[in-house]
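Everything below concerns the one structure shown next.
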Amino acid sequence: MNWSEILLTIGCVVGISSGQLLFKKAAQAFDPSAGWIVSVLNGWLISALVLYGAATLLWIYVLRTAPLALAYPLFALAFMIVPVLSWMVLGEPLRPMTLAGGAIIVVGVVIAVQG
């Protein structure tokens, strides 16, 4: 895997991770009393879906050249990025065990992509 493939893959991971935050915001804005059409037209939800769609198209582009066995482990970085972003952006708690688990995942990703 070359550096451009790594950067594009990380771009996918950041897009998916950011989409998770947007999905959380959509869930917080969900109002069952407003009806399902209003909920589906929620700007947070639409933004999340657009971002996920763009990240998926980027992922397909990455897979044209990068081996899946090397690109896919980088997606595990989302398990560290999402909790950190949710702490930074949403003010959610960031627990030491989450950081420890994320650090283990990051080490595993580094080992997996060394091939």
Side-chain angles (χ1 to χ4, degrees):
M1 228 176 152
N2 63 42
W3 281 106
S4 64
E5 292 168 338
I6 291 171
L7 291 175
L8 287 173
T9 304
I10 290 173
C12 290
V13 175
V14 170
I16 293 295
S17 298
S18 299
Q20 289 296 324
L21 269 64
L22 292 172
F23 279 126
K24 174 74 175 193
K25 294 294 284 183
Q28 290 173 337
F30 180 75
D31 181 8
S33 66
W36 71 272
I37 292 177
V38 172
S39 297
V40 170
L41 296 177
N42 177 327
W44 295 112
L45 179 59
I46 292 169
S47 299
L49 293 171
V50 168
L51 186 55
Y52 256 64
T56 299
L57 293 175
L58 183 58
W59 179 243
I60 292 167
Y61 177 79
V62 167
L63 292 179
R64 289 176 51 117
T65 57
L68 186 59
L70 294 177
Y72 193 72
L74 289 172
F75 260 82
L77 294 175
F79 288 103
M80 187 64 182
I81 294 170
V82 170
V84 170
L85 285 179
S86 67
W87 171 69
M88 292 171 51
V89 176
L90 302 174
E92 292 188 355
L94 186 58
R95 295 177 175 84
M97 294 305 284
T98 301
L99 291 175
I104 291 168
I105 290 170
V106 170
V107 169
V109 168
V110 170
I111 291 168
V113 298
Q114 290 298 315

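Sequence positions, counted from 1, serve as the residue numbers for this chain.
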Does CZ in F75 sit with more than 12 non-hydrogen atoms of other residues, nucleotides or ligands closer than 6.0 Å?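 Count over threshold, so yes.
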
What closest approach, in Å, do [X] and [Y] show between heavy atoms, and which atom pair accounts for it?
| X | Y | answer |
| --- | --- | --- |
| P73 | L70 | CD-O, 3.3 Å |
| S86 | P83 | OG-O, 2.9 Å |
| W44 | A29 | CD1-CB, 4.0 Å |

Linking I/L/V/M/F/W/Y whenever any side-chain heavy atoms sit under 4.5 Å apart, do [X] and [Y] land together?
| X | Y | result |
| --- | --- | --- |
| I37 | F30 | no |
| V106 | L74 | yes |
| L99 | I104 | no |
| V84 | M97 | no |
| L85 | L90 | yes |

Side chains of residues 10-25: which donor-acceptor pairs under 3.5 Å do they make with residues two or more places apart or in other chains?
| residue | atom | partner | partner atom | Å |
| --- | --- | --- | --- | --- |
| S17 | OG | V13 | O | 2.8 |
| S18 | OG | V14 | O | 2.9 |
| Q20 | NE2 | Y52 | OH | 2.2 |
| K24 | NZ | E92 | OE2 | 3.3 |

List, one per line, each side-chain donor-acceptor pair under 3.5 Å for residues 57-67, sequence neighbours excluded.
| residue | atom | partner | partner atom | Å |
| --- | --- | --- | --- | --- |
| T65 | OG1 | E5 | OE2 | 2.8 |

Between M80 and T98, is a side-chain contact (heavy atoms from CB on, under 4.5 Å) present by the stated rule, with each step listed? CA-CA 8 Å; M80 187 64 182; T98 301; 5.8 Å; no

Using atom types as modelled and distance alone, determine if a side-chain donor or acceptor of S47 lies under 3.5 Å from a backbone N or O of G43.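 It does hold such a pair.
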
So which residues get pulled into V50's cluster when ILVMFWY side chains under 4.5 Å apart are joined, directly or through others?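 I46, listed by chain and number.
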
